[in-house]
Participant: 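This is the structure I want to talk about, given as structure tokens.
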Amino acid sequence: MQTVFKNSWVIESCDHDVNLYFPPNVFRQANQKSFARIIDNARGWLKENAQAGGYKKCLELFGGVGTIGLNMVDLFGELICSDENPFNVECFEKSVSQLNKKLRKKVRYEGKSAEGCVEGGVLAKDVDIVVVDPPRKGLDGLVLQALNEGKGLKTLLYVSCGFDAFVTDCKCLEEKGGWKLVKAEGHVLFPGSDAIETLAMFVR
């Protein structure tokens, strides 16, 4: 884990050949060292779970600057990151510009909210894995419905900062979408507090 301060940017790397760029007006995890462990563990889970041929297309909702997706881009045939903050796009493009040509070709950014992405039909276009990192309130009903009804979806990686909301979402995913929770673990990003970041993987 490396952090560099340069001009108006904080540049961070989780040691997966990706530099992430954070100006003052975008969200950044305060405890990058602990979040890097979440990335590492999630990568391990996805490698274990990958079917023959790997993952075709990943959609990352609530993606920020591409914090999770870009650190896993080598695992996907295609990656679509999305978020509604307009300041994230420049950060994402700066990171992508430093990837090798092969990886650059398979990533793009949707400057939309999670609801906007699912309403636009992105999930209907060969997406077989979704990564979500929603705010504390969890997933909105429209997003949950899309995840439950997505025909080609096989894997859902869920990073949660609101445990109560995660429990509610988990119940909905299992009961209405046929999802099965196969892995889950908690991470303490703020030592001394009662806040837990949950990393979970669902399959069907």
Side-chain angles (χ1 to χ4, degrees), residues 14 16-18 20 35-83 88 92 95-96 99 102-134 138-140 142-161 166 169-170 172-174 176-185 187 197-204:
C14 291
H16 299 295
D17 298 322
V18 177
L20 299 176
F35 199 75
R37 284 197 292 270
I38 293 177
I39 298 290
D40 289 342
N41 291 359
R43 282 180 58 90
W45 291 0
L46 293 183
K47 287 180 179 179
E48 291 175 7
N49 182 64
Q51 305 296 317
Y55 303 98
K56 294 179 181 178
K57 183 185 291 188
C58 175
L59 171 64
E60 181 182 15
L61 301 174
F62 313 97
V65 301
T67 309
I68 299 175
L70 286 178
N71 276 296
M72 301 178 177
V73 63
D74 56 303
L75 304 180
F76 312 129
E78 186 177 344
L79 171 65
I80 305 168
C81 293
S82 66
D83 198 282
N88 287 326
F92 180 83
S95 296
V96 171
L99 298 176
K102 181 180 178 181
L103 294 180
R104 287 201 306 271
K105 283 185 174 181
K106 61 181 184 178
V107 300
R108 65 184 174 91
Y109 200 91
E110 291 274 351
K112 299 178 181 178
S113 66
E115 295 85 353
C117 275
V118 299
E119 282 185 315
V122 177
L123 280 178
K125 301 175 182 177
D126 302 321
V127 172
D128 55 354
I129 175 171
V130 173
V131 176
V132 297
D133 184 8
L139 300 172
D140 288 332
L142 188 64
V143 177
L144 279 168
Q145 181 181 352
L147 292 174
N148 287 335
E149 296 178 356
K151 301 297 183 182
L153 283 180
K154 302 297 182 185
T155 306
L156 171 63
L157 190 69
Y158 194 134
V159 180
S160 169
C161 61
F166 170 75
D169 289 348
C170 180
C172 178
L173 290 165
E174 292 183 324
K176 296 183 178 181
W179 290 99
K180 180 181 179 182
L181 178 64
V182 292
K183 288 183 180 291
E185 62 185 26
H187 293 258
E197 197 90 1
T198 303
L199 170 64
M201 185 170 72
F202 298 82
V203 299
R204 64 180 181 187

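Numbering starts at 1 and runs along the sequence shown.
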Participant: Using 0.5 Å steps for rounding, measure from the CG atom of Asp74 to the CG atom of Leu99.
Facilitator: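 One gets 10.0 Å once the value is rounded to the nearest 0.5 Å.
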
Participant: Where does the angle between the aromatic ring planes of Tyr158 and Phe202 fall among parallel (under 30°), tilted (30 to 60°) and perpendicular (over 60°)?
Facilitator: tilted

Participant: Between CD1 of Ile129 and NZ of Lys154, what distance do you get to the nearest 0.5 Å?
Facilitator: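 So the CD1 of Ile129 and the NZ of Lys154 are separated by 13.0 Å.
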
Participant: Please confirm whether the backbone N or O of Leu75 pairs with a side-chain atom of Arg43, one donor and one acceptor, at under 3.5 Å?
Facilitator: no

Participant: In Å, rounded to the nearest 0.5 Å, how long is the span from CD of Glu185 to CD of Glu197?
Facilitator: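 CD of Glu197 is found 11.5 Å from CD of Glu185.
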
Participant: I need the minimum non-hydrogen distance between Leu153 and Arg204, along with the two atoms involved.
Facilitator: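 Looks like O-NE, 3.1 Å.
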
Participant: May I ask you to test the Glu48-Lys183 pair for a side-chain heavy-atom distance under 4.5 Å?
Facilitator: yes

Participant: Can you tell if the side chain of Phe35 reaches within under 4.5 Å of the side chain of Thr67, non-hydrogen atoms only?
Facilitator: yes

Participant: Let me see the working for Tyr109 and Asn88 under side-chain contact (heavy atoms from CB on, under 4.5 Å), right down to the final yes or no.
Facilitator: CA-CA 9 Å; Tyr109 200 91; Asn88 287 326; 3.2 Å; yes

Participant: When you compare the side chain of Leu103 with that of Leu70, does any pair of heavy atoms fall below 4.5 Å?
Facilitator: no

Participant: Is any side-chain heavy atom of Leu59 closer than 4.5 Å to a side-chain heavy atom of Phe76?
Facilitator: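 The answer is no, as the side chains (C-beta and beyond) never meet within the 4.5 Å cut-off.
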
Participant: For residues 142-151, which side-chain N or O atoms pair as donor and acceptor with protein atoms under 3.5 Å away, sequence neighbours left out?
Facilitator:
{"from": "Gln145", "atom 1": "NE2", "to": "Glu149", "atom 2": "OE2", "distance (Å)": "3.3"}
{"from": "Asn148", "atom 1": "ND2", "to": "Leu144", "atom 2": "O", "distance (Å)": "3.3"}

Participant: Would you indicate whether the side-chain heavy atoms of Asp133 and Leu157 approach each other to under 4.5 Å?
Facilitator: no

Participant: Decide yes or no for Cys81 and Asp83: does some side-chain heavy atom of the first lie under 4.5 Å from some side-chain heavy atom of the second?
Facilitator: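 SC-SC contact between Cys81 and Asp83 ruled out.
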
Participant: To the closest 0.5 Å, what do you measure between CG (Leu139) and SG (Cys172)?
Facilitator: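 Between atom CG of Leu139 and atom SG of Cys172 there are 9.0 Å.
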
Participant: Quick check: closest heavy atoms across Phe166 and Thr198, and the distance to 0.1 Å?
Facilitator: CE2-CG2, 4.0 Å

Participant: Quick one: ring-ring contact (aromatic ring centres under 6.0 Å, His included) partners of Phe62, sequence neighbours excluded?
Facilitator: none

Participant: Name all pairs fulfilling the salt bridge (charged side-chain N to carboxylate O under 4.0 Å, His left out) condition that reach into residues 112-123, sequence neighbours left out, sorted by first residue then second.
Facilitator: Glu110-Lys112

Participant: Do Ser95 and Val65 touch side chain to side chain, with heavy atoms closer than 4.5 Å?
Facilitator: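 Side-chain contact under 4.5 Å: no.
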
Participant: List in chain and number order the residues that pass salt bridge (Lys or Arg N to Asp or Glu O under 4.0 Å) with Lys56, two or more places apart in sequence or in another chain; answer none if no residue qualifies.
Facilitator: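 Lys56: no salt bridge (Lys or Arg N to Asp or Glu O under 4.0 Å) contacts found.
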
Participant: Under the side-chain hydrogen bond (donor to acceptor under 3.5 Å, both in side chains) test, which residues partner Asn49, sequence neighbours left out?
Facilitator: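 With sequence neighbours excluded, Asn49 shows a side-chain hydrogen bond (donor to acceptor under 3.5 Å, both in side chains) to Tyr55, Thr155, given in chain and number order.
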
Participant: Determine the minimum heavy-atom distance between Met72 and Ile39, stating which atoms define it.
Facilitator: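 Shortest heavy-atom separation between Met72 and Ile39 comes out as CE-O, 4.1 Å.
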
Participant: Excluding sequence neighbours, so at least two apart, what forms side-chain hydrogen bond (donor to acceptor under 3.5 Å, both in side chains) with Glu174?
Facilitator: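 Not a single residue meets the side-chain hydrogen bond (donor to acceptor under 3.5 Å, both in side chains) criterion with Glu174.
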
Participant: Nearest 0.5 angstrom please: Leu156 CG to Asp128 CG, how far?
Facilitator: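 Reported to 0.5 Å precision, the distance equals 12.0 Å.
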
Participant: Just verifying a value: how many Å separate Leu79 CG and Glu60 CD, rounded to the nearest 0.5 Å?
Facilitator: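 Rounded to the nearest 0.5 Å, the CG-CD separation comes out at 6.5 Å.
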
